[in-house]
Amino acid sequence: MTASADRILTNAEVHTLADPDETAEAVAIRDGDVVRVDSAYEVGFLEGAETDVVDLGGRVLLPGFVDAHTHLQMVGNYLVHADLSAADSPADCVDLLAANAADDREWILGYGFDESTWQESRYLTREDLDAVSESRPVVAFREDMHTAAANGVALDRLGEAMPPADVKTEGGEPTGVLVEDAVDAVYEAVEPDEDEMRELLLAAQRDAHRKGVTGVHDMVRRSRAPEVYRQLELDGDLALRVRLNYWSDHLDALEELGLRTNHGSEFVRTGGVKTFTDGSFGGRTAKLSEPYADADDETGQWVVAPDELESFVQRADDAGFQVTAHAIGDEAIDAVLSAYEDADDPGAARHRVEHVELATDEHVERFAESGVVASVQPNFLKWAGEDGLYDERLGTDRRRRTNRFRDLLDAGARLAFGSDCMPMDPLLGVHHAVNAPAEAQRLSVTEALRAYTLGAAYAGFDEDRMGTVEAGKVADLVALERSPWEHEDAIEDVDVTLTVVDGEVVYDGR
């Protein structure tokens, strides 16, 4: 006799998102795995006396979203500290930070400002943040995480730890604007202890579930996050599949511990090692072959020089690690692809380029030929319209050649979607990809959803475990209130109504 299901999700429009995308009416789950995907009638034969039957009322059911590039600690920071992502001016940021100053934390912190959307389009400054407090350190991080602003107290406290070249000045005095390594000095100073890290990660997990996210590739650096994740799993409090991509300066420790890519448990696994090449467009530190449109003598900067990058990639590849390398400008993308192409088999290793914001035609073909994964963020397309950040920094022609998801997919490249927590919201990213301003950027609904499920799973060696709704895969699922196929112009407004991880309902918003 066939064992009954633990849970049945029925009366749904189930999209497997396999190739081709097939539809069904119901899904049966047993022991955390999908055991049948079929009509409601056929799946009904697996109903037993103790089966939990969930009627989805005709809602759309998909595989759970996998965010292939995020910083879950940072997601928690947005929720616990001042969230500046909706601020529309410097004054608004000051007000939000001042409201956050009521707590008893030593540092007053805000996350996620984006000056490119403001009428007064400028970075926050020392003067702005001194208005929040002249006795406590105040820092506001730009959403790209490569730029920040600090008040006088913070600058005085951390000045010796900041490279002078990354501390912006006027008339010999620091403006409060920090980039790259100077920002890293702030991150180190405000690193949370174990209890606060647990608070941040649990807050982020709740938010992930509300967004339909069931798995993340978390980029971690000098952080307690890995040990806290493992403790959460031991305590039975982790309901998110976490792939840890460690920073390059962790490589010695990873080798000493005997870890390798894909080592780990059901919920916490070792991913790749992450390195940088350049910075960001917002900070004009992404490395370009031609100068910025709004700064004739600037072409960005190397965070890790090409020769150093090549040595690191060779060492990590020889040690059996996947490499994930940040590259935004065309010069940086070229450097990473060249470093990977010197490896034995970059496609088998599933080496990844993170962001890929300004790829050339040649780069697109090299992605396809090498098998290197393009790990990209569709929410960045919010900057791709006329008069947006890309227009300002790159000019019209290069702006239209950013985030070339259509071209990459058509060439046969591997495409994985993530958010970089700007913000962590897969349906927002899918909306931008489907409604992108340029043809080279635009995907169909199915293609965009697949990049946030099966594509992201592939980037983490998990395509046989998750990413589609099929028998034998883990029961990580998300139900949507409305069909994104029927509301292509408003996918960002589609609500998540149910999230299931390992067969258990972790969010129910019906």
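Along the sequence shown, residues are numbered consecutively beginning with 1.
Residues His217 and Arg241 bring no donor and acceptor atom of their side chains to less than 3.5 Å of each other. Donor-acceptor pairing under 3.5 Å is lacking for the side chains of Trp118 and Asp92. Between the side chains of Asn262 and Arg243, at least one donor N or O sits under 3.5 Å from an acceptor N or O. One side chain, Asp128 or Thr125, offers a donor N or O that lies under 3.5 Å from an acceptor on the other. Remark: the Glu115 side chain and the Ser121 side chain contain no N/O donor-acceptor pair separated by less than 3.5 Å. Lys287 and Thr299 form a side-chain donor-acceptor contact under 3.5 Å, judged by distance and modelled atom types alone. Counting only N and O atoms by type, the side chains of Tyr292 and Asp297 include no donor and acceptor under 3.5 Å apart. In this model, a donor atom of one side chain and an acceptor atom of the other lie less than 3.5 Å apart for Ser419 and Asp67. No side-chain donor from either of His363 and Asp330 sits under 3.5 Å from a side-chain acceptor of the other.
Sorted by first and then second residue, the salt bridge (charged side-chain N to carboxylate O under 4.0 Å, His left out) pairs involving residues 371-383 (not counting sequence neighbours) are Glu143-Lys382. Sorted by first then second residue, the salt bridge (charged side-chain N to carboxylate O under 4.0 Å, His left out) pairs that include residues 413-429, not counting sequence neighbours, number zero.
With hydrogens and angles ignored, the 3.5 Å screen pairs a side-chain donor or acceptor of His326 with a backbone N or O of Gly279. Within the 3.5 Å criterion, the main-chain N or O of Ser116 finds a donor-acceptor partner in the side chain of Asp114. Judged purely by atom type and a 3.5 angstrom limit, Arg350 uses its side chain to pair as donor or acceptor with the backbone of Tyr458. No side-chain donor-acceptor contact under 3.5 Å links Gln73 to the backbone of Leu201. In this structure, the side chain of Arg260 engages the main chain of Ala319 through a donor-acceptor pair within 3.5 Å. Without hydrogens or angle criteria, Asn151 side chain to Ser133 main chain gives a donor-acceptor distance under 3.5 Å. Side chain of Arg398 to main chain of Leu394: a donor-acceptor pair is present (N/O by atom type, distance under 3.5 Å, no hydrogens or angles).
Taking the centre and axis of the six-membered ring of Trp107, the NZ or CZ atom of Arg157 falls inside the cone set by 45° and 6.0 Å.
Here the straight-line distance linking atom CD1 of Ile108 with atom CG of Leu129 works out to 9.5 Å at 0.5 Å rounding.
Here Glu392 pairs with nothing under the salt bridge (Lys or Arg N to Asp or Glu O under 4.0 Å) rule; sequence neighbours left out. Evaluation of the ring-ring contact (aromatic ring centres under 6.0 Å, His included) rule for Phe281 yields Tyr390 as partners, not counting sequence neighbours. For Phe65, there are no ring-ring contact (aromatic ring centres under 6.0 Å, His included) partners, not counting sequence neighbours. Scored by the ring-ring contact (aromatic ring centres under 6.0 Å, His included) test, His431 finds no partners at all (sequence neighbours excluded).
Side chains of His146 and Val179 form no contact here, defined as non-hydrogen atoms less than 4.5 Å apart. The shortest distance between side-chain heavy atoms of His250 and Glu255 does not fall below 4.5 Å.
Heavy atoms of other residues, nucleotides or ligands lying less than 6.0 angstrom from CD of Glu127 number 12 at most.
Here the closest non-hydrogen pair linking His71 and Met219 is ND1-O, 3.3 Å.
For the side-chain contact (heavy atoms from CB on, under 4.5 Å) with Ile333, the lone residue among Val356, Thr360, Thr277 that qualifies is Val356.
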